[in-house]
Number of protein chains: 2
Amino acid sequence: MPKPPISRRLAEAAVTLFDENGYDETTVDDIAARAGVSRSTFFRYYRSKEDAIFPDHDALLARIDARLRASTADTAIVAITDAVRIVLAHYVDDAEVSLRRYRLVRRVPALRDREIASVARYQRLFREFVGEWLDDSPDAGLRAELMAASVVAAHNQVLRGWLRAGGTYDPSGPLDHALGYVIATFRHLEQPQEHGEQVIVAAFPRTASPQAVMAAIRRHLDARPPSS
Amino acid sequence: MPKPPISRRLAEAAVTLFDENGYDETTVDDIAARAGVSRSTFFRYYRSKEDAIFPDHDALLARIDARLRASTADTAIVAITDAVRIVLAHYVDDAEVSLRRYRLVRRVPALRDREIASVARYQRLFREFVGEWLDDSPDAGLRAELMAASVVAAHNQVLRGWLRAGGTYDPSGPLDHALGYVIATFRHLEQPQEHGEQVIVAAFPRTASPQAVMAAIRRHLDARPPSS
DNA sequence: CAGCGGACGATACTGAGTACCGTATCTCTG
DNA sequence: CAGAGATACGGTACTCAGTATCGTCCGCTG
């Protein structure tokens, strides 16, 4: 039975000691000793003390990047939702670690700031990706920014709900719901405009009969100003 | 002519030295000496080396908090847009410092992370505020999260455009435009739902004939799952 | 005046983080 | 096989951000 890799042992030691003794009271020497390696080795594996409890961040970023790169504009929405699911699954697959980390991050400002910086990296990746997908219309930059921020915000909302509830349910349903909300919000703004023609939006009850829908739309069309 | 307050002298010394010598190459002793005070005094005014170039963050947060608290649900959108304008004006009013800081932050990861954490604090403030404003519907939390993230993202987009252009124009027009976009996006989702009925959103070319619209909607309705 | 509180400087210390060197191990090549 | 090179690790010295403490000075109040 081979020992787990050093990086994992260090991460486990860090979370355990932070839990037992507190973040500020735990030194890097303590962590290294608990993992059975030297302090130098700690800094070979982690850039800083804070990074030890986010051991998979770079790998996860790389996975997301790969997933996004494997898509085209046609499959972009699927790719983004997949990428977000990859992130959430990462937390859910190791719920115990995620819950411990969550409790730590809530208590320690330095870890909170680190996590925020990590999330910003996901967001930047999404934004760059969405920016490539959007055309060069005047608001493309703004839309990319907004969509990336919204996707990440939705994910965080779902994740935090799951963590707050102690990881007791499968959060993929709520994530689908939240992403659907985001996508619905932005999709109506993403419809390609057909050669300068304008698009109108009409909303009506889901249970409306085709006749009722038609009547509502006719009213709407009758009320619009003459097209230029 | 009284000397400027110590906190300002320290902040100015920090930015100047970071510019001249680099962030990592500048010590807290250097900054304190340049400002004519001791190192102890530096840490009396700033919690950390990084904080020295964000001297007004807490004061700005307090102003925003006050502005938001002075509003009601009826004036909430105005309050949020005012709060965002307060943030932007803060940068614009001292453009030279903002531009120097921008250049520093782009070059130094530690400062970038610090800025990201600062922005997250604004966002949290907005979210809490929006959360109070929204009713207790199932998606209220999600909506508050999304709106706060969007407002902040829009502001950042505008601010970064202004900074990238060297602060050469008044960014309040673009900010109004971006906020208008965000508010339009969310306003249509804030329409009251009629007694538990679901709403679908359909978009179609403005010039579509009623018959074409009807055909498109019929296809959509035929494709939906049975309503529960 | 004396006493108090607050601001500041100086000093000692801790621990995160960096740089460097030596040693051990492994792999590859002749 | 031996030797060379690469790699991983431990140990050590160091820097500097950040913390705690103490002493001094100054301004204010009674």
Side-chain angles (χ1 to χ4, degrees), chain A residues 2-55 57-58 104-105 107-118, chain B residues 2-55 57-58 104-105 107-118:
Chain A
K3 288 214 291 192
I6 292 176
S7 65
R8 185 163 299 270
R9 288 185 357 242
L10 285 167
E12 179 62 34
V15 172
T16 301
L17 287 168
F18 294 163
D19 250 350
E20 288 173 2
N21 305 322
Y23 177 78
D24 292 323
E25 292 74 25
T26 300
T27 65
V28 169
D29 280 324
D30 299 335
I31 298 169
R34 177 68 71 100
V37 298
S38 76
R39 190 160 171 285
S40 295
T41 299
F42 176 92
F43 285 110
R44 286 202 180 91
Y45 283 87
Y46 295 106
R47 198 175 25 175
S48 68
K49 182 180 171 186
E50 300 144 8
D51 278 4
I53 75 159
F54 304 101
H57 176 65
D58 288 342
L104 270 180
V105 168
R107 289 177 358 223
V108 183
L111 295 179
R112 192 150 60 242
D113 287 354
R114 168 65 64 188
E115 190 182 54
I116 288 165
S118 299
Chain B
K3 287 210 301 191
I6 291 176
S7 64
R8 183 163 300 270
R9 287 181 5 239
L10 285 167
E12 178 64 33
V15 172
T16 301
L17 288 167
F18 293 162
D19 250 349
E20 289 173 0
N21 304 322
Y23 177 77
D24 291 324
E25 292 75 23
T26 301
T27 67
V28 170
D29 281 324
D30 298 334
I31 298 168
R34 176 69 72 100
V37 299
S38 76
R39 188 161 175 286
S40 296
T41 299
F42 176 91
F43 285 108
R44 286 204 179 91
Y45 283 88
Y46 296 105
R47 196 176 26 175
S48 67
K49 183 179 168 184
E50 300 143 9
D51 279 5
I53 75 158
F54 303 102
H57 175 65
D58 287 341
L104 271 178
V105 168
R107 286 173 6 218
V108 183
L111 295 179
R112 192 152 56 242
D113 286 355
R114 166 66 64 187
E115 189 181 55
I116 287 164
S118 298

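Labels below follow one simple rule: chain letters A, B, ... track the order of the sequence lines, proteins then strands, and each chain is numbered from 1.
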*Asks:* Please name all residues satisfying ring-ring contact (aromatic ring centres under 6.0 Å, His included) with A:Tyr46, sequence neighbours left out, ordered by chain then number.
*Replies:*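 Once residues adjacent in sequence are excluded, the partners of A:Tyr46 under the ring-ring contact (aromatic ring centres under 6.0 Å, His included) criterion are A:Phe42.
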*Asks:* With sequence neighbours left out, write down each residue that passes salt bridge (charged side-chain N to carboxylate O under 4.0 Å, His left out) with B:Asp113, or none if nothing qualifies.
*Replies:*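 So B:Asp113 forms a salt bridge (charged side-chain N to carboxylate O under 4.0 Å, His left out) with A:Arg114, A:Arg121.
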*Asks:* Going by side chain to side chain contact (heavy atoms under 4.5 Å, CB included), name the residues that satisfy it together with B:Ala110, two or more places apart in sequence or in a different chain.
*Replies:*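 Side chain to side chain contact (heavy atoms under 4.5 Å, CB included) check on B:Ala110 returns B:Tyr23, B:Glu50, B:Val108.
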*Asks:* Please check the phosphate of D:dC9 (OP1 and OP2 only) for any side-chain N or O of A:Tyr45 closer than 4.0 Å.
*Replies:*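 Checking D:dC9 against A:Tyr45, a side-chain N or O does come within under 4.0 Å of OP1 or OP2.
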*Asks:* Apply side chain to side chain contact (heavy atoms under 4.5 Å, CB included) to A:Arg34 and list each qualifying residue two or more places apart in sequence or on a separate chain.
*Replies:*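 Side chain to side chain contact (heavy atoms under 4.5 Å, CB included) list for A:Arg34, sorted by chain: A:Ala13, A:Thr16, A:Leu17, A:Glu20.
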*Asks:* Which residues pass the side-chain hydrogen bond (donor to acceptor under 3.5 Å, both in side chains) test with B:Ser40, not counting sequence neighbours?
*Replies:*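 Here no residue qualifies.
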*Asks:* When every nucleotide of nucleotides 14-25 of chain C is labelled 5' to 3' by its protein contacts under 4.0 Å (heavy atoms), B for base, S for sugar-phosphate only, - for none, what sequence of letters results?
*Replies:* -SBBBB------
